[in-house]
Amino acid sequence: MTASEPAPARNKADIADFKVFADPPSLKISFRIDNCFNEEMEQAIQSGVATTFRIRIVVEKDGLPWIRERLVDASLERTIRYDTLHEQYLVSRLDDPKAFLTTKRFDEAKDWMSEVRDLPVIALWRLAPEQTYLVQVKAELSKAQVPSFLRYVFFFVSLWDFETPWVTATYTP
Amino acid sequence: MTFPDAAMIRRRRRRERAVLITVLALVLVFGFLQGWFFHYESELPLFGNVLLIALVNINLILLLLLLYLVLRQLAKLVFERKRGVLGHKLRTRLTLAFVALSLIPTIPLFGVAVQFMSFSLDYWFSAQVEQSLAQSVELGRGYLRQVQEDLRAEAMAAAAEIFPNGAVADVRPLEGTLAPVFWNRHRVAGVLAADADGTVLWSAWKDPEWARFDGTVARTIRERVTQRQDLSEASPVALGEHGDALLVLQPLGGENHGPQAVFSLGVLRPLPSDLTARLNTVVQGYQNYRQLKLFKAPLKITYLIAFSIVTLLVAFAAIWFGFYLARHITGPIQSLLTATDRVAHGDLDVSLHLDREDEMGLLMASFNHMVRDLRSGREKLTEAYRALQESHEELEARRRYMEIVLANIGAGVVGVDADGIVRAMNKAAEQMSGVRSDEITGRHYRDFLQPEHLDVVKSFVRLYQISRQNYLEKHVQVMVGNRSLALLVKVSVLTDENGRPAGAVVVLDDLSELQRAQRMAAWREVARRIAHEIKNPLTPIKLCAQRLRRRYAAGSGADATDPVLDECTETIIQQVDHMKRLVNEFSQFARMPEAHPQPCDLGALAQDAVSLYRHTYGNIRFRLTKSPDFPVLHLDPDQFRQVLNNLLENAVQAMDGRDGDVEIRLDYDPILRIARLECADTGPGLDPEAKVRVFEPYFSTKEKGTGLGLAIVAKIVADHNGFVRVRDNEPRGTVFIIELPVVQVEGAEPSA
């Protein structure tokens, strides 16, 4: 596997430790989103703003750009919300069997949001031998459940949008 | 105004007004929609965002359109100012005044509002408020902790009650154990047992219907076990319409399962719904507050933007309204100014469009009425002017006709008004008097008439005073320059309708030539008769005198000649010869032959004559000058030979034996086509009377002159259609001038 993107700046969100590996019967990926939380975002989450990350995963056959055959184009969402009364963080991960996680520790909750472990992306039998495949991922802030009247603010002021660049890894069965 | 494009301009302005009002209305409507959308329709994810973007963009576009319309008005005002359109100053001032009136309160209000909003936000997000809210939340948490502790105790008690003998937890309790009194005693709604993996072994509910929450409770326990959380911590469980509940698990040891096999007994107590609602409200308020605090700075910016947009909207609307009001006020004034300017430049077809009922409309109506009156007056004036012009043209035509008549008649006509000022003079009068009309017109006759001529005028005045006749006539002989004129002067006294003298018209008939011709004819008749009557007796008288002389000389001998007789007879014979010569000359003058003109070289004739006299009179210097272009003339050479002889003879006699100069000059005037012969001498000259009569027969200034030489010259020249005149020579002497018309005769050879 080779990461095709250069290392991002420290203050920008980025995909790290991107791994693509076969774990029959699926091709799986693992990676971590670095710098996806900044101080303002953490304050907003601790103020009760529900925040959702969207992770896009694309699997394509290697070839010329724009005309590559796309096998997978999926996205998954992870949402974090702070329960002020019970002082715990609720993380929902629809891609995970343990869909709903609760913790009182923010760091743990952030790890749950930013780490993707052993995520199956495609069945191995769909991959042709000797064919190189490109596996691309990117993450972005999908939405922040701010109060309705605050959305007006976000139209003019962008506080904590983030979006990682596409990170590509190759896999050849 | 009813200018060609006035209606179009009105339509355009109306359209512009409609567009602007529509834009304003749309901005308000879309702004309201935007606000409504944010407050109530914010849950539509995609459509909502698109609509939001659309609304924001539409509002921005509309604001830009408003800005464009206002700037357009401003640009128009600037262009009008540059072009110097009438009324632009007033419009500029009014617009500035209205804009200032709008902006002066708006701008401070904007500043105050922004400042106030900033202060308010700072105040709202003060530490006291946050602390109060945090304490409220902490209160809720304390309550939950208390419930949790209570539930733990209840769980311990319930465990002792359910498993009095340390029975294993996976054994469902006996039926009688969970009697109603159990639920009331422990104030729980459900009780359950779970193993170490979080699997619910059994559960019992105070209300059997609540058994449907088994799954929810089991999931909660499993998550906690999975995440290795402290099971004794209270877990919130959502029970749908029954609100929230707290679940506490009490770990229990089992004797039969060893120390590792730990079971948990869970008790579940629903929280009071009103309390839950209040707690949720408090927590929600706290969260909202913290979120608001987080977004305090962006909120300020947002409000600032909103205030700015509203202020700009107000400012644009105010500026446009200022333009509108200024145009509304200055429009009619501008129309009036433009119309007045056009009237001042003579355009009376101006009519102002009346679309107002106020004082300005009244003023415009009065202006239209005034212009109509002016137009009517001008039309009448134009009509009168046209009639006057026609009359003037007719008069002018008559005047021109009269001028032509006066200019072409032979008689000289001079008009004098009652004050003696010369008012008109025709060309013939100019020629007679030798002065030009424009030199004397407008002047009194006394200012330019010579004393001799003034005497003539005075004589007419006296005659009029005596006779009081309006028509006077008199023959006068006057000298004009070097010319003697015989004039028949007719004076018609003009009177006005009241019979008062209004001036006089003087008609001058030049009778000089006529008189000269009549005199010549008379003298020729006299000469003929004298020649006839006197010539016959002269011969016998001469013969008798010669006979007497011979008789007396023969009878008395040579020595005895009577000297008296001799002298007398000699005198008789001499006088008879003289009379005979005189009679011959008279006869010759009377019987002057008819001229036979032929091409003639007058220069050669003059040369011959001058040569003859130059030999005869040595003491006189004879000169002949001839211009190179002097032409061949159509003359009778014999007669002109006599003319030259008579002129030279006259000049020689004028010298009276003294030394002097006699010059013959031959000139040609190609413009007038006149050949001029001048004979100048340096003799004593002629007095004015002699000049008048010098060409009359038998007028001579010499004792023995017959007075016929120059008369013959005048006769011959007149027979050749020429003119002869005399003037003084400079510095002394006399010049006789003969002017002859040049007639081109082709193929003619000159004869000398």
Side-chain angles (χ1 to χ4, degrees), chain A residues 37-52 54 75 77 79-93 96-105 107-109 111-112 141-161, chain B residues 34-35 37-43 45 48-49 52-53 55-56 133-134 137-138 140-141 143-145 148 219-220 222-224 226-230 233-236 244 246 276 279-280 282-306:
Chain A
F37 291 98
N38 57 26
E39 193 179 343
E40 287 85 3
M41 196 188 293
E42 289 176 2
Q43 285 180 5
I45 291 169
Q46 286 169 350
S47 301
V49 175
T51 305
T52 302
R54 176 187 290 137
S75 63
E77 288 190 345
T79 303
I80 181 171
R81 189 170 63 81
Y82 180 61
D83 185 345
T84 306
L85 189 61
H86 300 98
E87 296 179 285
Q88 59 184 6
Y89 297 91
L90 308 174
V91 177
S92 68
R93 305 200 302 183
D96 197 310
K98 297 174 282 187
F100 298 98
L101 302 169
T102 309
T103 180
K104 286 185 179 295
R105 290 182 292 127
D107 289 339
E108 190 177 31
D111 287 343
W112 288 343
L141 180 73
S142 173
K143 59 183 176 182
Q145 295 287 344
V146 294
S148 59
F149 61 88
L150 280 178
R151 293 190 183 189
Y152 190 73
V153 177
F154 281 88
F155 238 94
F156 302 101
V157 184
S158 177
L159 265 186
W160 28 289
D161 275 347
Chain B
Q34 198 172 312
F37 174 79
F38 278 127
H39 279 286
Y40 301 104
E41 296 294 326
S42 57
E43 298 306 320
N49 284 337
L52 191 63
I53 291 168
L55 284 172
V56 171
L133 286 169
V137 173
E138 194 54 40
R141 287 173 182 159
Y143 168 72
L144 290 178
R145 278 195 294 272
Q148 178 182 305
R219 193 163 56 248
T220 304
R222 194 163 49 250
E223 286 174 2
R224 293 189 72 86
T226 307
Q227 294 166 27
R228 296 181 180 82
Q229 291 179 353
D230 184 4
E233 285 281 326
S235 303
D244 291 339
L246 277 183
T276 309
L279 275 176
N280 284 336
V282 168
V283 170
Q284 192 63 42
Y286 180 59
Q287 285 181 343
N288 284 346
Y289 176 82
R290 291 196 62 183
Q291 289 169 16
L292 279 173
K293 189 179 177 184
L294 192 65
F295 300 131
K296 187 171 80 171
L299 261 179
K300 279 186 180 178
I301 294 171
T302 308
Y303 283 134
L304 186 66
I305 291 170

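A note on names: the letters A, B, ... follow the listed sequences, proteins ahead of strands, and every chain is numbered from 1.
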Heavy-atom closest contact (B:R141 atom, A:L85 atom, distance):
CG-O, 3.1 Å
Rounding to 0.5 Å, atoms CD (B:Q287) and CZ (A:R81) come to a distance of 8.0 Å
Honestly, the part of B:Y286 sitting under 4.5 Å from a heavy atom of chain A is side chain
Residues B:R290 and A:Q46: closest non-hydrogen pair is NH1-O, 3.5 Å
Report which part of A:Q88 has an atom under 4.5 Å of a heavy atom belonging to chain B: side chain, backbone, both, or neither.
side chain
Interatomic spacing from CD in A:E87 to CG in B:L144 - rounded to 0.5 Å
10.0 Å
